[in-house]
Amino acid sequence: MFIKVTMVCLARRRHVLLLVFLIVLVPFCLFIFLADPDLSIEEKEITSKIAELRVKVKQLNFLHQERLQEVSELAIQLSNMLSSLKSSNRSHIGSFTDSGSIVETDSSLIGASEEISEVQKLLENISSPGAVHMPSVHHFLPHLLYNPSSLKPSYQKTKGRNGVSMVLGVPTVKRAAQSYLLTTLQSLIQNLNQEEQNKTLIVVFVAETNLDYVLSVENEIETQFSSHVESGLIEIISPPASYYPDLTKLTPTLGDPLERFQWRSKQSLDFAFLMMYAQPRGLFYTQLEDDILAKPGYLTTMLDFAYTKIAANKPWLIIEFCQLGFIGKMFKSVDLPFLAQFFIMFYNEKPVDWLLDDVVTVKTCNPNINQKMCLEAKKAIWMQHRPSLFQHLGVHSSLNGKIQNLKDKFFGKMTLFYPHKTNPKFASTESSIASYGKHTLEGAYLGKGYFWGLYPKAGDHITFKYDPPINLSRYLFRSGNVEYPSDRFYNASVEILPAEMLDGEVTVTPDGYAIVGKFDKTGLAEGFINPKLFPISEIRLNIHSKSGNWVILSEVLIETKQES
């Protein structure tokens, strides 16, 4: 135990040295920046770096305080252990054997006892056993005392990524209707460049205690985003069942029916757990939902906006990047413990987004000022960014039976298709799926719009024919779009008709097509073609089961390889 305390102290010493270094460095940078008026060209970058350093100083100071608390708690435990050890040593010195003779005093025990006394005196100065104990999470969730593991994830898939600029929290639960989680993750990732990905951690919080379900979600994410899980960009956690109190024994508030009351109370606890898990991992934290879409470059926009406000000495608690509910609310990580504590204190009183508003009201609104002045004061620390960077996607709420077709009017126009006007010229197209209105297959291929077809069924197909045949090297078919994410291919394969088959190397359909890929759960099919199959005269999308939705083909990309 003594060795453990010593190691902790040394580790914390490194934090202190880095903290002192930054405290000295930041004012020095400010002096250089203000003293030289010729830095206008690089002003934005320099200002951002200085603001980032200021945030890092606060974060390191906060982590240092947490470590000091841990050392103090360890000191109390060690002091108690040393007291027991000291008493044990005394009982051995001068004791009698069964034969009645006195055991010879061991000088090493006496020396150890004296050393223990000295260490204990030092620890008593640190631990202050008579100090007042302030309220903790156990005062508001007393059931946590009965299980030491209640505040540890019951499941965790992590590569231990730390020190990022942004942690994105994505809570998800089992929905009675459609899940949008994979679509959400796809949007978050594809709208980050590599540099932005390196600054980001996405924590998927599966707020379910059924391990089988948690593992099924993990498997879907691992299958779809294996490289991003492996790189550490995506983490997956779930809470233990013992974290939650018995919600059936709580008295509903606000006149809500029991099901809604339990749903919103659990949501507040979910957000608190997720926030505190994310708190030490990065400088900022943004709360999202599992049914949203993101704009390209959203991370850089968020960081630039935050650093600009910090550099201008404009204190903020929240920056809002979406006007809906709790979506796109960004916080400094050092503020998360206060928010989580507030949510835990009042989790059974109000919905979590109402509690967030209450936090801001408590911080800004004097009871003696009128409502207009209160709103202005709240806006000073609850800032809004326009246009919005996130849009609500889902229709079915995580609360069973609740429909919420909400859209953020500040998000702007959404991209409904991805044009590729460089696709090779086709000889003809063929589809057994009837198109709707002007949304034709030819238009989708030529990058003029998207194909919208009526209720595909097993045996339906979409075919592109080439004459002369082409050296098709890569394909990408994206189904569904942001307005109709459910209108996608659910069970369909990508097939080609090559000039010559490779015996034993490809799976062939009864009518002679080689199967080269399939649509995943997000409605995307993408792959490369073995050059040995060149040239190719047809590429076909083959549907294997009936769908209850229409189908949209929002992107068609065909790349060819020139002969050397």
Side-chain angles (χ1 to χ4, degrees), residues 149-161 167-192 197 200-244 262-263 266-278 281 285-294 326-327 352 390 392-400 402 404 480 485-486 488-491 518-524:
S149 300
S150 296
L151 295 176
K152 296 180 180 179
S154 63
Y155 178 83
Q156 184 179 28
K157 182 82 172 184
T158 177
K159 293 296 180 178
R161 180 178 287 200
V167 181
L168 302 175
V170 184
T172 185
V173 296
K174 187 176 183 179
R175 295 175 182 263
Q178 180 182 355
S179 171
Y180 306 93
L181 176 61
L182 296 182
T183 301
T184 294
L185 293 177
Q186 184 182 49
S187 178
L188 291 175
I189 294 170
Q190 73 180 15
N191 287 305
L192 293 172
Q197 287 185 23
T200 307
L201 171 64
I202 302 173
V203 179
V204 179
F205 179 72
V206 186
E208 300 286 349
T209 56
N210 184 313
L211 184 58
D212 290 338
Y213 177 75
V214 173
L215 291 176
S216 70
V217 174
E218 186 273 336
N219 182 62
E220 287 185 342
I221 295 174
E222 183 79 43
T223 301
Q224 192 64 42
F225 306 103
S226 58
S227 63
H228 300 299
V229 173
E230 185 62 29
S231 71
L233 174 61
I234 298 177
E235 288 190 10
I236 307 161
I237 64 170
S238 67
S242 58
Y243 169 64
Y244 300 101
Q262 293 176 350
W263 169 77
K266 178 180 177 296
Q267 187 179 59
S268 295
L269 295 174
D270 289 340
F271 283 20
F273 192 105
L274 176 54
M275 284 180 170
M276 291 314 298
Y277 177 84
R281 314 294 292 282
Y285 172 80
T286 299
Q287 185 76 34
L288 299 173
E289 291 185 3
D290 63 351
D291 54 354
I292 59 100
L293 294 172
F326 221 121
I327 301 173
V352 68
F390 303 99
H392 184 249
L393 174 67
V395 174
H396 301 278
S397 168
S398 56
L399 174 62
N400 290 343
K402 181 183 178 183
Q404 49 181 22
S486 299
R488 61 177 185 256
F489 290 113
Y490 290 94
N491 183 18
K518 64 179 180 179
F519 284 84
D520 62 27
K521 292 187 177 181
T522 67
L524 180 70

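In this chain, residues are counted from 1 in sequence order. Side chains are part of it too, since the values below use all heavy atoms of this structure and drop only hydrogens, waters and symmetry mates.
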Next on the checklist: So which atom in Gln156 and which in Pro153 form the shortest heavy-atom distance, rounded to 0.1 Å?
Outcome noted: CB-CB, 4.4 Å
Checklist outcome for this item: Here the pair of heavy atoms bringing Thr209 nearest to Ala241 is CG2-CA, 3.5 Å
Item to check | Any pair counted as ring pair (Phe, Tyr, Trp, His ring centres under 6.0 Å), so long as it reaches residues 209-228, sequence neighbours left out | outcome: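 Qualifying pairs, neighbours excluded: none.
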If we ignore hydrogens and angles and just use 3.5 Å, is the side chain of [X] paired with the main-chain N or O of [Y] as donor and acceptor?
| X | Y | answer |
| --- | --- | --- |
| Ser154 | Pro239 | yes |
| Asn191 | Ala294 | yes |
| Thr184 | Ile292 | yes |
| Gln287 | Phe271 | no |
| Ser187 | Thr183 | no |
| Arg161 | Ile202 | no |

Checklist entry - Is Glu230 salt-bridged to Lys159, going by a charged N under 4.0 Å from an acidic O? => result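 The answer is yes: the pair qualifies as a salt bridge.
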Contact between [X] and [Y] at the side-chain level, heavy atoms closer than 4.5 Å - yes or no?
| X | Y | result |
| --- | --- | --- |
| Val229 | Lys157 | yes |
| Lys174 | Asn210 | no |
| Val167 | Tyr277 | no |
| Pro171 | Asp270 | no |
| Leu188 | Phe390 | yes |
| Arg175 | Asp291 | yes |

Next on the checklist: Using 30° and 60° as the class boundaries, would you call the ring planes of Tyr243 and Phe273 parallel, tilted or perpendicular?
Outcome noted: perpendicular
Next on the checklist: With side chain to side chain contact (heavy atoms under 4.5 Å, CB included) as the criterion, how do Ile221 and Leu181 come out once you've worked through the C-alpha distance, each side chain's angles and the decisive distance to 0.1 Å?
Outcome noted: CA-CA 9 Å; Ile221 295 174; Leu181 176 61; 4.1 Å; yes
Checklist entry - Who passes ring pair (Phe, Tyr, Trp, His ring centres under 6.0 Å) against Tyr490, sequence neighbours left out? => result none
Checklist entry - Under the ring pair (Phe, Tyr, Trp, His ring centres under 6.0 Å) test, which residues partner Tyr244, sequence neighbours left out? => result none
Item to check | Tyr155 and Glu218: CA distance, side-chain angles, deciding distance, side chain to side chain contact (heavy atoms under 4.5 Å, CB included) verdict | outcome: CA-CA 10 Å; Tyr155 178 83; Glu218 186 273 336; 3.1 Å; yes
Checklist outcome for this item: With Ile234 as partner, the option from Val204, Thr200, Val170 fulfilling side-chain contact (heavy atoms from CB on, under 4.5 Å) is Val204
